[in-house]
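Both counts, for ligands and for their atoms, begin at 1 and track the order of listing. By convention here, the first residue in the shown sequence is residue 1.
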Amino acid sequence: MKEKRPGSGEVPSILKWTGSKRSQAAQIARMAPPHARYVEPFLGGGAVLYHLAGDGTVASDLYAPLIGFWKLAQARPEALIADYAEQWRRLQDDLPGYFYAVRDRFNAEKRPEDLNFLMRTCVNGIVRFSQAGDFNNSFHLSRKGMLPASFAKAVQAWSARLRGVDFVARDYRETLAEARAGDFVYLDPPYAGNKQRYIGGIDEAALFAALDDLNRRGVRWALSFDGQRGETVYRADVPSDLYRRRMALISGNSAVAKVLNGPIETVSEALYLSW
Ligand SMILES: C[S@@+](CC[C@H](N)C(=O)[O-])C[C@H]1O[C@@H](n2cnc3c(N)ncnc32)[C@H](O)[C@@H]1O
């Protein structure tokens with residue numbers, strides 16, 4: 001088993017994704033116990049993956065175009081960089097018409113390059129789908145997209161870390177079913193009350209049953225879960241027999257405050273640890 005001691009540091013923004021853990025990723029990664037493989041079944045923008053990716057890492061998400069993006073970044077980073085530079089140039093020539101043309105194309109073809117472009121230029125960088133599963137956020141009028149040179153730097157910074165990762169599009173339970181004793185799993189599921197964001201949703205009882213199963217099989221895990229539903233924030237009900245510690249993660253770069261089964265009042269996110 002190798003022990004990883006991730007340092008602090010910014011996660012380069014390779015993909016804008018709602019609910020990104022970029023501000024907490026280093027804190028979360030430092031909690032990781034020594035492990036055989038790192039497993040991340042709700043990958044999204046993969047902020048924690050940046051710190052913990054290694055040989056044998058399994059990274060999955062239900063949303064196939066998102067996994068398509070990661071595979072492209074892994075296999076053909078230069079093509080991804082060139083595509084973004086070209087799309088960015090075309091946007092400057094045709095604001096906002098080009099955005100809507102790409103949105104139509106994405107909804108028809110699901111090109112991962114277009115997902116990247118839309119996320120970088122849509123209102124507040126928020127991923128949002130219609131009931132039919134179409135991306136339906138609008139163009140962010142004051143946002144002309146990250147400069148291509150900055151995007152290229154982010155992709156290059158990620159490149160070496162992606163080498164040993166197996167990216168898979170599937171439900172988290174399939175990924176957890178394959179986790180083995182000695183692996184470490186970080187889970188960052190969508191909030192239960194969120195109907196519009198992301199494709200799919202989470203049934204809490206099923207999630208808790210899956211965590212219980214990991215415990216029985218000797219797989220250590222950490223879970224981000226803040227119980228925010230709609231506009232209401234309240235303490236989420238993760239059954240206390242499932243975890244050993246609950247940490248309060250302060251947003252931003254503040255230190256981790258340790259709260260053992262006490263109320264979390266002033267913080268935005270809780271991190272539950274199974275060991
Ligand atoms: C809060 S985001 C993860 C954010 C990520 N930690 C980051 O730093 O960007 C939750 C992710 O779970 C995915 N998801 C939703 N339902 C899922 C399911 N049943 N199985 C796997 N992934 C799912 C969504 O597509 C979304 O990307």
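Ligand 1 has at least one atom lying under 4.0 Å from a heavy atom of Leu43. At a 4.0 Å cut-off, at least one heavy atom of Arg170 sits close enough to ligand 1 to count as contact.
Taking every heavy atom of Gly46 and a limit of under 4.0 angstrom, the matching atoms of ligand 1 come to 7 (C), 8 (O), 9 (O). Ligand-side atoms of ligand 1 in range of Gly44: 9 (O), 27 (O), range being under 4.0 angstrom from any heavy atom. Per-residue contacts place Gly19 under 4.0 angstrom from the following atoms of ligand 1 (heavy atoms of the residue considered): 4 (C). Within the listing of ligand 1, atoms 6 (N), 7 (C), 8 (O) sit less than 4.0 angstrom from a heavy atom of Lys21.
By the 6.0 Å and 45° rule, Lys110 stacks over the aromatic ring of Phe106. For the pair Arg103 and Phe135, the cation does not sit on the ring face, since its NZ or CZ is not both under 6.0 Å from the ring centre and inside 45° of the axis.
Residues satisfying the side-chain contact (heavy atoms from CB on, under 4.5 Å) criterion with Arg105, sequence neighbours excluded, are Gln87, Tyr98, Val102, Glu109, Arg111, Asp114. Contacts of Trp70 classified as side chain to side chain donor-acceptor pair (under 3.5 Å), with partners at least two apart in sequence or in another chain: none.
Side-chain contact of Arg120 with Ser13: a donor-acceptor pair under 3.5 Å is present, judged by distance alone.
Between Arg37 and Glu178 there is no salt bridge, since none of the side-chain N atoms of the basic residue sits less than 4.0 Å from a carboxylate O of the acidic one. One finds a salt bridge joining Arg217 and Asp213 here, because a Lys/Arg side-chain nitrogen approaches an Asp/Glu carboxylate oxygen to under 4.0 Å.
Of the candidates Leu15, Ile202, Asp61, Val127, it is Asp61 that places a heavy atom closest to atom 26 (C) of ligand 1.
Looking at Arg173 against ligand 1, nothing comes within 4.0 Å, counting heavy atoms. When non-hydrogen atoms are compared, ligand 1 lies under 4.0 Å from the backbone of Pro41 (N, CA, C, O) but not from its side chain. With a heavy-atom cut-off of 4.0 Å, Tyr172 touches ligand 1 through backbone and side chain alike.
Ring orientation note: the planes of Tyr84 and Phe117 are tilted relative to one another, at an angle of 30° to 60°. Using the six-membered ring where Trp is involved, Tyr243 and Tyr272 have ring planes that are perpendicular, over 60° apart on the 30 and 60° scheme.
By the 3.5 Å distance cut-off applied to N or O atoms, Tyr63 is not counted among the residues near ligand 1. For ligand 1, one of its N or O atoms has an N or O atom of Asp188 under 3.5 Å away. Considering backbone and side-chain atoms alike, Pro190 places every N or O at 3.5 Å or more from each N or O of ligand 1. Below 3.5 Å of separation, one finds an N or O of Asp171 facing an N or O of ligand 1. By the 3.5 Å distance cut-off applied to N or O atoms, Ala47 is counted among the residues near ligand 1. Taking distance alone, with nitrogen or oxygen atoms compared against 3.5 Å, Tyr186 stays at or beyond that limit from ligand 1.
Aromatic ring centroids of Phe129 and Tyr63 lie under 6.0 Å apart.
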